[in-house]
Student: 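Quick one: the structure is below, and I'll ask about it shortly.
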Amino acid sequence: MPTQRADAPSQGSPLAPEWLSVPTDLNALEPKMWARDAARNDAGELTLDGISVSDLQRQYGTPLFVMSENDFRSRARAFSDAFNNAFADICGGVDVYYAGKSFLCTAVVRWVEEEGLRLDTASGGELAVAAKAGIPGADVALHGNNKSDGEIHRALDMNLGRIVVDSLGELVRVGDIAERRGEQAKVMLRLTPGVHAHTHEFIATAHEDQKFGLSMAADTTEQAGLSAAEEAVAAAAAHPGIELLGLHCHIGSQIFEPDGFALAAEKLLRFLAAMQEKYSIILPELDLGGGYGIAYIPVDTPRPAAEIAEAMAAVVRSTCAELGIDSPRISIEPGRAIVGSTTFTLYEAGTTKTVRVDAPDASNASDGGNNVTYPRRYVSVDGGMSDNARPVLYDADYSAILASRTSDAAPQLSRVVGKHCESGDIVVRDVYLPEDVAAGDLLAVPGTGAYCWALSSNYNYLARPGVVAVRDGSARLIVRGETEEDLLNRDMGV
Ligand SMILES: *Cc1c(COP(=O)(O)O)cnc(C)c1O
């Protein structure tokens, strides 16, 4: 018989990852992980701007994405203000493009526009949302490594402010299409500076082994010494259908430290100066992409936008001075950092079970040979990988709380799982929840504003959840949840 041990509540379970400690108060909301108007009411229920989760469940059902409109707007403004302040003396300010792929619907496009930001899109479908919302095309950018001719025509029909071109072949295609229309396409070239930022460090490599962008390494064309990036600059400058605005890069996502952004900025500025010199052209724009990180779990340490903006501005200022060039107009493309923390997903708990898992005996280091087991509780919710694919796709970590009430019960190492037919269907891999969590309780998972609804699927014919926006004490659906009819709609029945 293996020895069975309970969790030692204050020390935590040996099954927990190193970063996860037992919260001193299981009912507390860690401020950096939540929308700023999330709180518990007198009855102990989670509320957003005063609206309780039980009211939200009654009205809209679960699972449900619950988004704070005021929080979205204030994060958008915070980014815009921080970067505009930091770069005011360098290039007059910064254009902030909200990365629509993180979460997009027409309401959000209007918020973005009203807060003075612009919009990044990456497909014809995203352009359709932008058009329906009525944002001027001049404030919209189109990305993508494989744009169709139809998407290019649509971008030109909408008079987009910029098309970010990803390859030489695409550059020629965009230029030819624009020329045939008797127009000039406004183009940025996406370059790969060989800087890859991870959450805690960045790496610099000469060669890129990924699908996006034009390499800046010197041996990436047939011609000795010529980089794919330079080849594209020369081709763009010579094409009558192209107005070359400048250069673009995007070094990764969920990045906390400013160093990688600063290094990429420096590399692109050096390249920009060299191209201006060599081809006698002015490249007035430089886009440094997105990727600013947020807190999903208590140990995540996102930096305030102002700190990142200052670090990037310092490098742009000194590099331009050294090169003797005027700084191009800078733009950035945050997605997650604007929408991620504005939203939590509300689930209803159902089946729970506790398994016992082998681990070294935490109470006795010399007892190494012993087969000791510890409990792990599985709490199933009414959604899962269909509304949050990130744990499956990226091993992403999330957190969760008991939302419909507070509890004084002991913390128990738990795993929040979905209802799909996959054992990998995990929403929150490791979290301490009160041990009295039971079917019918509501759980809330914070930080689900970005890349959750956007990546949602109908796996197992689950209906994709709706999105509710809360503002000034009232809630409204900005995207309705799917119905069974929606699910059957495209089945031709033949
Ligand atoms: C995804 C993406 C972004 C946004 O990334 P976040 O991590 O959400 O800030 C910005 N620019 C480009 C080109 C992207 O592909």
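Hydrogens, waters and symmetry mates are skipped; everything else that's a heavy atom, side chains included, is used. Each ligand, and each atom within it, is numbered from 1 in the order the structure gives. A quick note: this is a predicted structure, and the numbers were derived from the prediction, not measured.
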Student: Report the member of Phe79, Tyr451, Tyr97, Tyr98 with the shortest heavy-atom distance to atom 8 (O) of ligand 1.
Tutor: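 Heavy atom nearest to atom 8 (O) of ligand 1 belongs to Tyr451.
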
Student: Ignoring hydrogens, just give me the one of Arg190, His143, Lys101, Arg336 whose non-hydrogen atom is nearest atom 14 (C) of ligand 1.
Tutor: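 Looking at heavy atoms only, the winner is Lys101.
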
Student: Who's the nearest protein heavy-atom neighbour of atom 7 (O) of ligand 1, and how far?
Tutor: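 Checking every protein heavy atom, the shortest distance to atom 7 (O) of ligand 1 gives Ser253 OG, 2.6 Å.
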
Student: For the residue pair Arg336 and Tyr296, establish whether any side-chain heavy-atom pair is separated by less than 4.5 Å.
Tutor: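 Arg336 vs Tyr296: side chains touch.
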
Student: Would you please indicate if the ring centroids of Tyr98 and Phe72 are separated by under 6.0 Å?
Tutor: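 Yes, the ring centres sit under 6.0 Å apart.
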
Student: Looking only at atom types and distance, does a side-chain atom of Thr319 sit under 3.5 Å from a main-chain N or O of Val316, one as donor and one as acceptor?
Tutor: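 Checked: no pair found.
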
Student: With ring centroids as reference points, do His143 and His248 lie under 6.0 angstrom apart?
Tutor: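 That pair passes the under 6.0 Å test.
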
Student: Below the 3.5 angstrom mark, is there an N/O of Gly335, backbone or side chain, next to an N/O of ligand 1?
Tutor: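 N/O-N/O distance under 3.5 Å: yes.
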
Student: In the protein, which heavy atom is nearest to atom 11 (N) of ligand 1, and how far is it?
Tutor: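 That would be Glu333 OE1, 2.6 Å.
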
Student: For Gly291, is at least one N or O under 3.5 Å away from an N or O on ligand 1?
Tutor: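 Min N/O separation from ligand 1 is below 3.5 Å for Gly291.
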
Student: Tell me, please, whether Phe212 has Arg190 positioned over its six-membered ring: NZ or CZ under 6.0 Å from the ring centre and within 45 degrees of its axis?
Tutor: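 Yes, Arg190 and Phe212 form such a contact.
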
Student: Is Pro334 in contact with ligand 1, taking contact as a heavy-atom separation below 4.0 Å?
Tutor: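 Within the 4.0 Å threshold, so yes.
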
Student: Measuring from non-hydrogen atoms of Ala450 to any atom of ligand 1, is the shortest distance under 4.0 Å?
Tutor: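 For ligand 1, residue contact (heavy atoms, under 4.0 Å) with Ala450 is absent.
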
Student: Under the criterion ring-ring contact (aromatic ring centres under 6.0 Å, His included), which of Phe256, Phe83, Tyr292 is the partner of Phe261?
Tutor: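 Among Phe256, Phe83, Tyr292, the one that satisfies the ring-ring contact (aromatic ring centres under 6.0 Å, His included) with Phe261 is Tyr292.
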
